[in-house]
Amino acid sequence: MSLSHPGGPGQNCTRFHRTFTLPAAASLSALPVQTRGAARVFRPLSARRPRAIATPNSQVVASCSGTTLGRDNKKSMQNTYNGLELPKDGQPIQYSNGQFEVPDHPIIPFIEGDGTGRDIWKASRRVFDAAVEKAYGGRRAIQWFEIFAGEKAFRQFGTWLPDDSVAAARDLRVSIKGPLTTPVGGGIRSLNVALRQILDLYACVRPVKYYQGVPSPVKHPEQLDIVIFRENTEDVYAGIEFKEGSADAARLIDFINNELLQGAKKKVRADSGVGIKPISIFATKRLVRYAIRAALEAGRKTVTLVHKGNIQKFTEGAFREWGYEVAREEFRDQTVTERESWILGNVEANPDITVEANAALIEPGLEMASQTYRDGVYAEVKAVLDSIGQSHGKGAWKTKVLINDRIADSIFQQIILRPADYSVLATTNLNGDYISDAAAAQVGGLGIAPGANIGDGFAVFEATHGTAPKYADKDMINPGSVILSGVMLLEFIGWKEAARLIEHSLEKTILQKFVTYDFERQTAGATKVGTSEFATRIIGNL
Ligand code: NAP
């Protein structure tokens, strides 16, 4: 059965008064694969071009063992982790010189997860194994290796995140996890955040697309087919906060009010909690670079920088500026910014147009601006025509990836009202958190929302939802998110045939109306099945 995306393949849509043809709906996380001998070799997107900036992150030292992240793993593998021996029939995925090598029997660590994670993982693993067997007839198989985190780890080892679990995720490179409880009453603030920080998993990748038969609150859920790239290391995830009433909060407020804001009317109230929101050039550029490269690889035609730069100019606004810089400086031949497309389009519509008239079209009301401002826009128009008039003019820009930007609040209505206009969103941490849940709701909700956290040399795949504890061990919950996270993993390691099989049979099972409670309550005539039976039916449909 083939997936159908009426809003995607070959569909013409009007965008900003220009007409584009959307590419065929891209797979969940298309990454190119080369074959080297028996092993599959691929380079992660971020490794494919030399870094433009020094990479302090590649020298981050893992807290668990004092070894350097991002190094080759060939020399440092342990035989056991948490007292468990590595599977004898498997080999680790290797990473050297920016390339992954995937053997036919890769050892892939999994964290079962807390609460409903237990039911979901058991069901999902059966689906993965059956699809790989069906696709490769025994030539390939995943050797699963359990690593412990969360409640299970706490019960067995007295710690929420054993050093060996982090070491295994690091040494074995590519892993998958179920949702983890956030421990209450102190300890690690969030296990998920800890894993992301230790492995420097800087890109949270969340594809959002529609599978036929899934109940949706919107009229045309099939028109939404986007991948969200959410910066994963700073903004609110930097976790720099000071509690109201604490000595540190008082010192910081005093410094801000009496040093930084000296003489200004603006003041921070003394009874405030304070959070710091860092947005750096380094983290912004590597995230946007990754998103643009992924768009190019997957044939997606737009990358939208989502920000709140109208209010927070030096953080969110800077994210926008640095994002455009990456596009212009590193992907000049393959991209066109929205303003550049307007300038070039104006010349195509009227080859004799003057720089001044062109500027007036791209900046309505320009005639009322100051001379300095007007001169700036004239200079911009001239610079665009001088630099890319030849290479991108005469319609050539229409074949490039369009880089545009949207204010965060506007994108929420845009993806509902004009979903087909968007393809890849690159955004800061908090914006990405909100947008990905809202977008997921349009195509069926958290039960079917996969994700991945990617760094240079590491990847951890995980569902977007939490542990949903009220359904724990009831064999009720929808395993779709973890199953689709596994689809992303299979694509990431280049096992695309198995990935496609799972997607097709998941969709077929939903169309047959055998669904878990969350879909059943919204689907007329559906039969409610448990987590395990849903997986069994997917396997039957492979
Ligand atoms: P949650 O676990 O995501 O569950 C909230 C609600 O979402 C559920 O009650 C259920 O709604 C729906 N839902 C979630 N997963 C579903 C699935 N697989 N199938 C169908 N419906 C699903 O959020 P929470 O209750 O706020 O968080 C519980 C715990 O999870 C907390 O400890 C939190 O810290 C942790 N958490 C972990 C992660 C992670 O590990 N990545 C992420 C988020 C939260 P209905 O009741 O309406 O059916």
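Counting starts at 1 for both ligands and their atoms, following the listed order. Along the sequence shown, residues are numbered consecutively beginning with 1.
From the protein, the heavy atom lying nearest to atom 29 (C) of ligand 1 is Thr467 OG1, 3.0 Å. Among all non-hydrogen protein atoms, the one lying nearest atom 34 (O) of ligand 1 is Thr182 OG1, 2.6 Å. Closest to atom 36 (N) of ligand 1 among all protein heavy atoms lies Gly466 CA, 3.4 Å. At the top of the distance list for atom 10 (C) of ligand 1, counting protein heavy atoms only, stands Tyr517 OH, 3.8 Å. The protein atom (non-hydrogen) at minimum distance from atom 45 (P) of ligand 1 is Tyr471 OH, 3.4 Å. Distance from atom 8 (C) of ligand 1 to its nearest protein heavy atom, with residue and atom name: Ala468 CB, 4.1 Å. When hydrogens are left out, the protein atom nearest atom 47 (O) of ligand 1 is Arg521 NH2, 3.2 Å; that is the closest non-hydrogen contact. For atom 18 (N) of ligand 1, the nearest protein heavy atom (residue, atom name, distance) is Asn478 O, 2.9 Å.
For ligand 1, the polar-atom distance check against Ser481 finds no nitrogen or oxygen pair separated by under 3.5 Å. Polar contact with ligand 1: absent for Gly447 (N/O pair, distance under 3.5 Å). Between Pro179 and ligand 1, a contact under 3.5 Å exists for no N or O pair.
Atoms of ligand 1 lying under 4.0 Å from any heavy atom of Asp518, numbered from 1 in the order shown and given with element: 19 (N), 20 (C). Close approach of ligand 1 to Leu180 (heavy-atom distance below 4.0 Å) involves ligand atoms 35 (C), 36 (N), 37 (C), 39 (C), 40 (O).
Partner Trp322 forms a side chain to side chain contact (heavy atoms under 4.5 Å, CB included) with one of Thr284, Leu305, Val288 and no other, that one being Thr284.
For atom 24 (P) of ligand 1, no protein heavy-atom neighbour is present inside the 4.0 Å cut-off. For atom 5 (C) of ligand 1, the nearest protein heavy atom lies 4.0 Å or farther away. There is no protein heavy atom less than 4.0 angstrom from atom 27 (O) of ligand 1. For atom 2 (O) of ligand 1, a protein non-hydrogen atom is found at a distance below 4.0 Å. Per-atom contact check: atom 12 (C) of ligand 1 does not touch the protein, criterion being a heavy-atom distance below 4.0 Å.
Atom CD of Gln91 sits about 11.5 Å away from atom CD of Glu101, to the nearest 0.5 Å.
Ring pair Phe458/Tyr95: centre-to-centre distance not below 6.0 Å. Close placement of the Tyr471 and Tyr517 rings is indicated, their centers lying within 6.0 Å of each other.
There is a side-chain donor-acceptor pair under 3.5 Å between Thr233 and Glu231. In this structure, a donor-acceptor pair under 3.5 Å is absent between the side chains of Arg286 and Tyr202. Inspection of the Arg230 and Thr428 side chains reveals no N or O donor paired with an N or O acceptor under 3.5 Å. The closest side-chain donor-acceptor pair between Ser280 and Glu234 falls under 3.5 angstrom.
Between Ile279 and Gln312, the closest side-chain pair of non-hydrogen atoms is not below 4.5 Å. Looking at heavy atoms from C-beta onward, Pro92 lies out of side-chain contact with Pro106 at the 4.5 angstrom threshold.
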Margin query: Under the criterion salt bridge (charged side-chain N to carboxylate O under 4.0 Å, His left out), I'd like the reasoning laid out for Glu462 against Arg196: C-alpha separation, chi angles, the key distance, then a yes or no.
Written below: CA-CA 12 Å; Glu462 66 168 344; Arg196 286 171 202 157; 2.8 Å; yes
Next item on the list: Kindly determine whether Glu503 and Tyr211 satisfy side-chain hydrogen bond (donor to acceptor under 3.5 Å, both in side chains), including the steps that lead there.
Entry: CA-CA 9 Å; Glu503 274 196 301; Tyr211 293 92; 2.4 Å; yes
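Under 4.0 Å from ligand 1, the heavy atoms of Pro469 that appear belong solely to its side chain.
In the candidate list His465, Lys470, Met476, Lys470 is nearest to atom 9 (O) of ligand 1, counting heavy atoms.
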